[in-house]
Amino acid sequence: MHHLQLNRGTISLTERFLRNDMPLLARYLRNAMLTSEAEPIDLLLDRQHLKAINQHLDQLVNASDIGERSLLTNLLLRWSAVHLHHAE
């Protein structure tokens with residue numbers, strides 16, 4: 001398990017994009033936001049979940065229109081940085 005600290009905006013956007021395709025992970029992110037008043041928010045995710053988030057966001061970037069692509073690319077960069085930092 002990896003201890004992560006991400007800002008509320010990153011978690012909120014990720015939850016929104018995961019909601020339909022990865023509902024359990026989206027629910028975990030939403031619950032983390034609801035139970036924490038701190039900024040950044042602490043998360044515990046295993047390597048498999050980090051990889052799944054990055055892969056899903058990458059698929060969404062490739063399938064998105066030009067307007068949404070910039071938002072998704074920025075979000076993917078945030079998660080990729082966290083994933084790379086915790087990859088061993």
Side-chain angles (χ1 to χ4, degrees):
M1 293 297 257
H2 297 288
H3 175 248
L4 310 173
Q5 292 186 318
L6 293 160
N7 70 40
R8 191 171 298 277
T10 298
I11 295 172
S12 177
L13 278 173
T14 303
E15 185 273 334
R16 180 180 143 224
F17 286 114
L18 298 181
R19 198 176 295 155
N20 292 329
D21 298 321
M22 303 175 83
L24 294 176
L25 193 50
R27 188 175 305 128
Y28 170 72
L29 296 177
R30 184 176 59 243
N31 287 340
M33 287 187 300
L34 293 173
T35 59
S36 177
E37 294 181 17
E39 184 73 35
I41 296 173
D42 292 317
L43 297 174
L44 285 175
L45 289 171
D46 61 28
R47 183 176 297 149
Q48 180 183 8
H49 286 118
L50 284 173
K51 185 176 179 181
I53 289 170
N54 278 279
Q55 288 175 339
H56 186 70
L57 292 175
D58 189 49
Q59 290 171 355
L60 291 174
V61 166
N62 292 329
S64 65
D65 62 30
I66 192 89
E68 197 171 61
R69 186 170 294 144
S70 177
L71 175 67
L72 281 163
T73 300
N74 189 15
L75 188 59
L76 179 60
L77 288 172
R78 293 180 202 174
W79 279 100
S80 293
V82 169
H83 180 72
L84 289 174
H85 178 73
H86 288 281
E88 297 173 346

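Note that the structure is a prediction, hence the values are computed from the model and not measured. Atoms considered below: every heavy atom in the structure, side chains included; atoms not considered: hydrogens, waters and symmetry mates.
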**Asked** Has the side chain of Arg8 got a donor or acceptor atom that lies under 3.5 Å from a matching backbone atom of Ile41?
**Response** no
Could you tell me whether the side chain of Thr35 and the main chain of Asn31 form a donor-acceptor pair under 3.5 Å?
yes
Determine yes or no for a side-chain-to-main-chain donor-acceptor pair under 3.5 angstrom, with Glu15 supplying the side chain and Arg27 the backbone.
no
Taking it one step at a time, do Ile11 and Tyr28 satisfy side-chain contact (heavy atoms from CB on, under 4.5 Å)? CA-CA 10 Å; Ile11 295 172; Tyr28 170 72; over 6 Å; no
Close side-chain approach of His2 to Leu50, heavy-atom, < 4.5 Å: yes
Rounded to the nearest 0.5 angstrom, the CZ-CZ distance for Arg30 and Arg16 is 14.5 Å
Nearest heavy-atom contact between Trp79 and Asn54 is C-OD1, 3.4 Å
To the nearest 0.5 Å, atom CZ of Arg78 lies from atom CD1 of Ile53 at 13.5 Å
Sorted by chain and residue number, the side chain to side chain contact (heavy atoms under 4.5 Å, CB included) partners of Asp21 (sequence neighbours excluded) come out as His56
Is it true that, when you exclude Glu39 itself, more than 12 heavy atoms of the residues, nucleotides or ligands shown sit nearer than 6.0 Å to its CD? yes
Does any part of the side chain of Leu6, heavy atoms only, come nearer than 4.5 Å to the side chain of Leu43, both counted from C-beta? yes
Exercise for review: Examine Leu29 and Met1 and state if one hydrophobic cluster contains both, with Ile, Leu, Val, Met, Phe, Trp and Tyr joined whenever side-chain heavy atoms are less than 4.5 Å apart.
Suggested key: yes
Under a 4.5 Å cut-off applied to non-hydrogen side-chain atoms, are Leu25 and His49 in contact? yes
Show me the donor-acceptor pairs within less than 3.5 Å that the side chains of residues 69-77 make with the rest of the protein, sequence neighbours left out.
{"from": "Arg69", "atom 1": "NE", "to": "Val61", "atom 2": "O", "distance (Å)": "3.4"}
{"from": "Arg69", "atom 1": "NH2", "to": "Ser64", "atom 2": "O", "distance (Å)": "2.6"}
{"from": "Thr73", "atom 1": "OG1", "to": "Arg69", "atom 2": "O", "distance (Å)": "2.7"}

Distance col, row Phe17:CZ vs Glu68:CD, nearest 0.5 angstrom, shows 4.5 Å
Applying side chain to side chain donor-acceptor pair (under 3.5 Å) to Asn7 and not counting sequence neighbours gives Thr10
